[in-house]
Every structure is written in C-alpha cells, then in structure tokens.
Peer 1: 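Below you'll find the structure I mean.
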Amino acid sequence: EVQLVESGGGLVQAGGSLRLACAASGFTFDDYAVGWFRLAPGKEREGVSCIVHIDGSTFYKNSVKGRFTISSDNAKNAVYLQMNTLKPEDTAVYYCAAARGWMDPDVWGDYRIYDSWGQGTQVTVSS
C-alpha cells in the first residue's frame, strides 16, 4: 500500500523555522517527483515546492524562494521542507504528494498531476 506521512508541523513565531518531513512507505521516491502543497482557510491549494528525483530538479513558489529549501534523503526514503523566516501568511496545512516520473517545470504546482497524498500537517505562524 502506497502511503505518505507528513510530520514536523507546529506553532512558531514569525521569523522562526520549521522542518517538515514526508516519509513514504510501499514505494521508493527514486522514480517520483515529490511536491509540497499547502491549504489555508479560504484559499486554494497551492504548490510550495517540488523535487524531481529522476534529474534532481527543484521548484519553488515565488513567495518562498530564498526561505524554503526542499531536499531528499534516499536512504530514509524521505523528503524534507526546511522553512526559514516564516511569515504569518505561511500558515496552512501542508501536504506532500508524489507523482511518478519526470516533472514538467510548467505544471509542478498543479495538484492534479499528483496521485498519492499524505494526510497533512498544520503549520501556524504567529505574528
């Protein structure tokens, strides 16, 4: 059974940091692109970042560039999202998702591309 489990969310003050983790079971990330998405109340789900294991490409939403870093640990079959200099507008439920194969740079943020999803982890940034 394919399963993704996120962890690492929490409550942090503005300017603080969190590291989210996405662990996979039932498959390995080697042939997948893994994306991080977030959903805030009253807003649409949006792509935050993506890492493509086939070629090592990474993508970021403009508003998180320079603050967030996505990385992968193949030995642990996990993907991480290091979030620094957090802002109240980063508050959301964060989800990781996986899509098999290569990722078109123009569509990495389209949630419909991904077919496996975790349950989400809450990130709250206080001002």
Side-chain angles (χ1 to χ4, degrees):
E1 177 185 3
V2 172
Q3 193 172 18
L4 297 174
V5 178
E6 303 95 336
S7 61
L11 172 64
V12 65
Q13 288 187 330
S17 298
L18 285 173
R19 189 176 83 150
L20 305 184
C22 174
S25 61
F27 72 106
T28 61
F29 282 144
D30 293 354
D31 298 326
Y32 285 77
V34 177
W36 283 98
F37 289 78
R38 66 188 182 188
L39 182 62
K43 296 186 178 180
E44 295 185 351
R45 179 169 26 183
E46 61 181 6
V48 176
S49 184
C50 174
I51 185 166
V52 184
H53 289 86
I54 285 180
D55 62 7
S57 299
T58 57
F59 308 110
Y60 295 94
K61 176 180 171 62
N62 283 340
S63 63
V64 308
K65 286 181 180 177
R67 300 190 297 123
F68 292 10
T69 303
I70 193 169
S71 63
S72 180
D73 185 333
N74 290 339
K76 295 183 177 180
N77 205 31
V79 170
Y80 303 97
L81 185 69
Q82 177 67 44
M83 307 186 296
N84 298 328
T85 320
L86 282 161
K87 303 176 180 181
E89 51 263 43
D90 295 317
T91 295
V93 178
Y94 283 70
Y95 300 87
C96 67
R100 192 157 192 170
W102 179 76
M103 179 63 68
D104 185 335
D106 291 332
V107 300
W108 72 266
D110 185 345
Y111 69 90
R112 296 168 296 180
I113 300 297
Y114 300 80
D115 46 29
S116 297
W117 289 82
Q119 83 290 348
T121 186
Q122 176 71 48
V123 171
T124 303
V125 184
S126 64
S127 57

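Each residue takes its place number in the sequence, starting with 1. Being a predicted model, the structure only gives us computed values, none of them experimental.
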Peer 1: Distance from Q119 atom CD to L4 atom CG, nearest 0.5 Å?
Peer 2: 9.0 Å
Peer 1: Apply the test side-chain contact (heavy atoms from CB on, under 4.5 Å) to residues R38 and L81: give CA-CA distance (whole Å), side-chain angles for both, the deciding distance (0.1 Å), then the verdict.
Peer 2: CA-CA 12 Å; R38 66 188 182 188; L81 185 69; over 6 Å; no
Peer 1: Grouping I, L, V, M, F, W and Y whenever their side-chain heavy atoms are under 4.5 Å apart, do Y95 and V107 come out in a common cluster?
Peer 2: yes
Peer 1: Report whether L39 and W117 are members of the same hydrophobic cluster (ILVMFWY, side-chain heavy atoms less than 4.5 Å apart, transitive linking).
Peer 2: yes
Peer 1: Compare every heavy atom of G9 with every heavy atom of T121, then report the nearest pair and how far apart it is.
Peer 2: OG1-N, 3.2 Å
Peer 1: Do E6 and W36 come within less than 4.5 Å of each other through their side chains, counting heavy atoms only?
Peer 2: yes
Peer 1: Any chance CZ of F27 has more than 12 other-residue heavy atoms, nucleotides or ligands included, within less than 6.0 Å?
Peer 2: yes
Peer 1: Between C22 and F29, does the side-chain contact (heavy atoms from CB on, under 4.5 Å) criterion hold? Intermediate values first, please.
Peer 2: CA-CA 11 Å; C22 174; F29 282 144; 4.2 Å; yes
Peer 1: Using a strict threshold of under 4.0 Å (side-chain N to carboxylate O), is an ion pair present between D115 and R100?
Peer 2: no
Peer 1: Rounded to the nearest 0.5 Å, what separation is found between the CG atom of N74 and the NZ atom of K76?
Peer 2: 12.5 Å
Peer 1: State, yes or no, whether a side-chain contact exists between C50 and V52 at a heavy-atom distance under 4.5 Å.
Peer 2: yes
Peer 1: How far does OG of S63 sit from CD of E89, to the nearest 0.5 angstrom?
Peer 2: 8.0 Å
Peer 1: With a 6.0 Å cut-off (strictly less than), is the heavy-atom count around CZ of R45, excluding the residue itself, greater than 12?
Peer 2: yes
Peer 1: What are the two closest heavy atoms between V79 and S72, and how far apart are they?
Peer 2: CG2-OG, 4.1 Å
Peer 1: Could you tell me which non-hydrogen atom of S116 sits nearest to which non-hydrogen atom of V2, and how far apart they are?
Peer 2: OG-CG1, 3.5 Å
Peer 1: Taking C-beta and beyond as the side chain, do T91 and Q122 meet within less than 4.5 Å on heavy atoms?
Peer 2: yes
Peer 1: Identify the two heavy atoms, one from R67 and one from L86, that lie closest to each other, and give their separation to 0.1 Å.
Peer 2: NH1-CA, 3.9 Å
Peer 1: Rounded to the nearest 0.5 Å, how far does CD1 of I51 lie from SG of C96?
Peer 2: 12.5 Å
Peer 1: Tell me, do H53 and D31 make a side-chain contact under 4.5 Å, heavy atoms counted?
Peer 2: no
Peer 1: Please round to the nearest 0.5 Å and tell me the distance separating atom CE of M103 and atom CG of D110.
Peer 2: 9.0 Å
Peer 1: Find out whether D90 and M83 are in side-chain contact, i.e. whether some heavy atom of one side chain is under 4.5 Å from a heavy atom of the other.
Peer 2: no
Peer 1: Quick one: do Y114 and F37 satisfy ring pair (Phe, Tyr, Trp, His ring centres under 6.0 Å)? Show the steps, please.
Peer 2: CA-CA 11 Å; Y114 300 80; F37 289 78; 5.0 Å; yes
Peer 1: Quick one: do L18 and F68 end up in the same hydrophobic cluster if we chain Ile, Leu, Val, Met, Phe, Trp and Tyr together by side-chain heavy atoms under 4.5 Å apart?
Peer 2: yes
Peer 1: Identify the two heavy atoms, one from S126 and one from L11, that lie closest to each other, and give their separation to 0.1 Å.
Peer 2: CB-CD1, 4.4 Å
Peer 1: Are L20 and Y80 joined in one hydrophobic group, where the rule is that I, L, V, M, F, W and Y side chains link up if heavy atoms are under 4.5 Å apart?
Peer 2: no
Peer 1: If two hydrophobic side chains count as joined below 4.5 Å and joins carry through other members, does V34 share a cluster with F59?
Peer 2: no
Peer 1: Give the minimum heavy-atom separation between S17 and N84, together with the two atoms involved.
Peer 2: OG-OD1, 2.9 Å
Peer 1: Output the distance between atom OG (S127) and atom CD (Q13), rounded to the nearest 0.5 Å.
Peer 2: 9.5 Å
